[in-house]
Each structure stands twice: as C-alpha cells, then as structure tokens.
J.: 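Structure below; questions to follow.
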Protein chains: 2
Amino acid sequence: MKEEVGWELLRSFLGVMQHGSLSGAARALGITQPTVGRHVHALERSLGLTLFTRSRTGLLPTEGALELHPYAAGMRSTAEALRRAASSLGSGVRGTVRISASEVMGMEVLPPMLTSLRQSHGELRIELVMTNRVQDLLQREADIAVRMAAPRQEALVARHVGAAVVGLYAHREYLARHPAPQSPAELQRHALIGFDTDTPFLRSARRAFPQWNRAAFAMRTDSDVGQMALLRAGCGIGACQAALASRDPNLIRVLPRAFRYELDTWVTMHEDLRSSSRCTVTFHHLVRELTAYLSVRGARP
Amino acid sequence: MKEEVGWELLRSFLGVMQHGSLSGAARALGITQPTVGRHVHALERSLGLTLFTRSRTGLLPTEGALELHPYAAGMRSTAEALRRAASSLGSGVRGTVRISASEVMGMEVLPPMLTSLRQSHGELRIELVMTNRVQDLLQREADIAVRMAAPRQEALVARHVGAAVVGLYAHREYLARHPAPQSPAELQRHALIGFDTDTPFLRSARRAFPQWNRAAFAMRTDSDVGQMALLRAGCGIGACQAALASRDPNLIRVLPRAFRYELDTWVTMHEDLRSSSRCTVTFHHLVRELTAYLSVRGARP
DNA sequence: CAGAAGCTATACAAAATTGCATATATGAAA
DNA sequence: TTTCATATATGCAATTTTGTATAGCTTCTG
C-alpha cells in the first residue's frame, strides 16, 4: 500500500482482465508486452496485493482483481463519456451520442430513425450498443437508453413513449405445414421459439401466460433477433412485437386473443446531459419516432 | 481531437479546477508547476478545445471545462473507492469505510457508535463525511450513507432504522427569561432558530407547520449543528431531534403537542459492497445502533 | 513609481518510462 | 520426443516525462 495508484496503470489492468494475458492486452492497447507487465506489477505493488496468478497459459485474475474490476471499468466508461462530451462541445448538434437498446430495437426499429436523425444533423455520430443487459446510465455506459422497463433511478430524465404490443406469430409456410392452434392448449404440439436463460421479464410474462415456460420451448436462444430469424425461417411459433411483425406479410398472428402482452417502453437519459444539445436532440427525436412507431396498431385485428 | 485522453492528465485538470492556478494545483498534487501546465496543455490538445483562459491572475475555466468537470470528478471518486476497496481485501474486517451523514448525525450521534465499532474491529478505518448534501453512493462518493430520506435509487441496499422525532426546544435559561409559549401563535414573540436557504425538507415541513417559515426566524444558519449550538447557548427556540435533546437536561421541550415531526431514517449502501466485509459489518453495526438510538422515547412526555 | 508577490512559460539537465531484442518456460501438435 | 506457437521476464538503448532554474508578465501596495 503506497501513496497513490496511477490511473494509467488501471488501463493496463483492464486490458489484462479483458484479454487474459499481458501480450493480448498489449496488442489491444497498442503498447508493448513488457510495459503492460510492468504496469500490472506497479499496480500490485501500489495496492499491496496480488492481482493475477501467473499460470502457465496466461494470467489468472485473483479474487481481489475481480473485486476491483468494476471500479476500473467504471473509470473507463466515465473517461469515454468525457471524451464524447468533449467532442460535442461548441455550438450546434455535433459529437457522438451512445445509445443503448435491446437487440430487436437496435436492429429492427432504430436504424431508420437514426438515419433520419443523421440526415438532419450531419455532424452527429451515433454509437449503438445492442444488449439486453440493462446498462447503467449513471455509470455513463451510455448516454441514452431505450428500455422496456420503467426507470427506477432518480437523476434520470425519462419519457414514456408507449407500449410495445407483443403477440405470437408464425411464418405462413410453417402454418401451411402445421395448422394454426385454435386454443392455448394446442400450443404443446407446436415448435415454440423461446428464451434460454430466465430473466425477470420472462418470470413476469409467465405469470400471465403459464404455457410460455422454458420446458415448452423447442428452440431456445437468448438473442431476440435470433428468435426473429427463426420465426422468419418458418421454424415455429414465437413471440414478436406486433409493430414489427406487421411489416412482414408472411408473419401471421397466432392466438391473437389469448396471447397479448404489452411492454411499456421508455427513453431515458442522464439528467446532466440536458445541457448537451447532441443528447437532447437525439432524445427528443427518439421520443417522437418511437411514439409514432408504437402507436401503430401493429397486428391487423 | 486526437486518439486517446491520458487519464493522468485529468488529475492535473481537476487540481487546476479546484485551486484555480497551475501553481496551486502543483502544490496540492505534489508535482511541479511546469508539469501541471504541460498536462493541461496536452489535455487541451487531446480534446481539441480550450479548457482555461489564461487570465492575469490564474486560470479561468471555460464553459467546456465546467462541462467536463463532473466526469473527471467521477473518475477521481471511483479511483478513491477502488483504493478503499483494495485496502480492505484479504480476510477479516479491515480497510477504510467512508460514511456520509448529516452534520448533526455525524457530530452528535455517530461518534460513540463508531467508537464501539472500532473497538471490535481495530483494523477498520473510518472516514466520516459530514454534509447535508445527499452524496451519490452510485458514484462511490461514499460507501455507506445515513439519510433522512427514503432512497429512490435501485442498486442500493437500504434499511429503515426508525424515525427521528423532531420537536421544538429551548434552553432552561432562555425560558427563565422568556416564558414558554403556550400556543403556536405565541411563537411570533420568540427568537426562533432556523435555516437560511430553502431545502426540500423545509418545504415539506412547512406544509405541516406553516409558522415554521424563513421570515419568522430570528437566527438563521444552514448548519444544523450551529442550530444546536445556538439552542444550547440559550439563544432561542429551535428544532432538535428529541433523542438528542433528551441527553441535555437543560433543554426543555416547547409546544410538545403542536410541534412534532418525524424523519424516517435509512442506512444505505451500494449493492456491490455486499461482498465487502468491512462494509457489511459497518452497515449492520450502524443499523443496530441507530435502531436502538431512534427507539428511545426521546422527549419525556 | 518602485518593488514585492503572484502567476505562467521555457531552456536544459535529470529521471523515468518505454520499446526492442532476446532469453526462457510451457502446452499443443506433428 | 521434437517442434512450434505463445506466453512472461529482463538487459539495454531510445524516448519521453519530469524537475530545476530562470525569464517575463500582471497586480497590489507602500
């Protein structure tokens, strides 16, 4: 335990944590392997603990390293946010805005909206982080997030943009081979497309539709875009946003009355970013477009 | 706008923001003034913007510098939190815990509790941050906070430890000179001790007791400890926690029926710190002791 | 108005960090 | 088992960063 930890050392630490070896981290960071090694060594001496056990095949993080990792990662995301903020200074809408959204949203819904946004603001740069993990806006992992859950953190600006209607769908060709079920019970005889790991969302959905459980799924993937692809390929019956499915005439709604779920959707932003024109412009654009998108009566009744 | 911002440069930036000059920052950081100057210059070049306008008497932060300051400050508090976390690794309860509490709490209530905590855990170090500003646990400005408001952030472990009863008190000598008021209306003729600036807490308190407004206060200070001191010196009538006042036989409750306010009190901690023994031990100790403290029927009826 | 006390900026030497080249160890595959 | 690929560690030179000393500027004060 010495006087101060060098902040630069933490970048090397993060690199090693991420890549599992000094050499790999060095390649990623654009410095040399001896330097990374010395950084890790200096950090260990400065913190007074061992961060990695030198094993035969690379470096294995100790419990302490795992414990400290989130702190260092937080510093990195803040540094990147600072960089984004700096690039946007000055008048006008410019710089980079980082948007976090679920995979389906990011791949199917947002692209045209972002295209039109970029047409009005040519100097705007967009980073789209597609993950179903809820990113931490307070830790500045993203500037703006599109979420299917109400934000519970204060210090966030949040706008409700409507509810995404989710229904069951199947491809026309699948239904030609397997006649559409007429009751929930008949779903058992069908190939259901669903999730692999259990999530809070799934648990809540299952309360409403007990049939929609893991054991019933014939095909499982955690990627909702993967589910869309299976659906479009005629693999079976799966859940899909109605507004999305209505774009593809080959997707037919199944059991429209029995299965219907609404996902309240929110656009959220860190309060501090209100003074940033790039973020407010993007925020309001997304609010406007998503409101329009979600107000479409997706499934033909 | 170059490739990457050097993290170390940000420390110098923070120093200059805090001290207003290269020389002052250099003294505080333990490096030399030319180095700080070069750091700031490098940072400006790397971000592609001017951070300070070189004025006659030191450096004046630009709008951009003010905008970027919270990011850099966030990195610093995270770095300090990392340091605390590192110092506590290994088995046993050791390392530093940073506790945020209001001034009265920190000065009057917590000290004996922390003393007993340190007696059981000699290797534990305590940092007590006394401020009425609500510190941001998510930004790791503190590990544990004692608050008079329910936490609204998720990702926090929170425990309700009771309600602090607040009543009006006056010193025995003051009451000897000025007979105690028998009705709220009579308060007008007394020297009231109250707050200077308006806070959310004050606004909510005023809804219950309209007499308790800024214009009525003969003595104003934002420091609640200062209010206690004025109270003890017999300056007038002021609000005080009942449990606290009951320790001083010279403090007499005034209008016990008409004035009574309860402040729900919470101990909160960042979720991630659950795996840290120093934090959980401190957390539970505070919960236990504060629960006992707040369950004392403070004012003799 | 002179001079002291702040401050920043720069030249040059000292110290530190870094990269390069290389030695060495280990696991996987021929 | 040998060989290859990949890993970490270290000596040494090159580069970069830092500190020292100093010059120049502004403000405040007697």
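Keep in mind that what you see is a predicted model, and the values were worked out from it rather than measured. Just so we're on the same page: letters track the sequence lines, and every chain starts at 1.
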J.: Go through the steps for B:Leu22 and B:Val16 under the test side-chain contact (heavy atoms from CB on, under 4.5 Å), then give the verdict.
T.: CA-CA 6 Å; B:Leu22 299 184; B:Val16 176; 3.9 Å; yes
J.: Any side-chain N or O of B:Ser23 below 4.0 angstrom from OP1/OP2 of C:dG6?
T.: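 No.
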J.: Measure the CE-SG distance between B:Met269 and B:Cys279 for me, rounded to the nearest 0.5 Å.
T.: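 Atom-to-atom, B:Met269:CE and B:Cys279:SG are 6.5 Å apart.
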J.: Calculate the interatomic distance between A:His19 atom NE2 and D:dA7 atom P; express it in whole Å.
T.: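 Spelled out: NE2 on A:His19 to P on D:dA7 is 12 Å.
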J.: Pair A:Asp143, A:Ser276 - check side-chain contact (heavy atoms from CB on, under 4.5 Å), show working.
T.: CA-CA 10 Å; A:Asp143 299 316; A:Ser276 154; over 6 Å; no
J.: From CD of A:Glu8 over to C1' of C:dA16, roughly how many Å is that when rounded to an integer?
T.: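 Distance, rounded to whole Å: 15 Å.
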J.: Pairs counted only when both distances fall under 3.5 Å, Watson-Crick or G-U: show me the 5' to 3' dot-bracket for DNA chain D, [ ] for pseudoknotted crossings and | for other-strand partners.
T.: ||||||||||||||||||||||||||||||
J.: Here's a test for you: under side-chain hydrogen bond (donor to acceptor under 3.5 Å, both in side chains), which of A:Arg38, A:His41, A:His39 qualifies with A:Ser12?
T.: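 Testing A:Ser12 for a side-chain hydrogen bond (donor to acceptor under 3.5 Å, both in side chains) against A:Arg38, A:His41, A:His39 leaves exactly one candidate, A:His39.
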J.: So, taking the atom named CD in A:Glu141 and the one named OG in A:Ser77, what distance separates them when rounded to the nearest 0.5 Å?
T.: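 Here the interatomic distance stands at 5.5 Å.
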J.: Can you give one letter per nucleotide of nucleotides 10-18 of chain D, 5' to 3': B if a protein heavy atom sits under 4.0 Å from the base, S if only from the sugar-phosphate, - if neither?
T.: B-------B
J.: For A:Glu127, what residues pass the side chain to side chain donor-acceptor pair (under 3.5 Å) criterion, not counting sequence neighbours?
T.: A:Arg98
J.: Calculate the interatomic distance between A:Arg11 atom CZ and C:dT17 atom P; express it in whole Å.
T.: 17 Å
J.: So B:His69 and B:Phe13, would you call those rings parallel, tilted or perpendicular, with 30° and 60° as cut-offs?
T.: perpendicular
J.: Could you go through A:Arg83 and B:Tyr71, starting from their C-alpha distance and side-chain angles, then the distance that decides it, and tell me whether this counts as side-chain contact (heavy atoms from CB on, under 4.5 Å)?
T.: CA-CA 9 Å; A:Arg83 197 173 166 61; B:Tyr71 295 90; over 6 Å; no
J.: Measure CG/A:Leu22 against P/C:dG19 and give the value in whole Å, please.
T.: 14 Å
J.: Using only side-chain N and O atoms of B:Arg27, determine if any of them is under 4.0 Å from OP1 or OP2 of C:dC7.
T.: yes
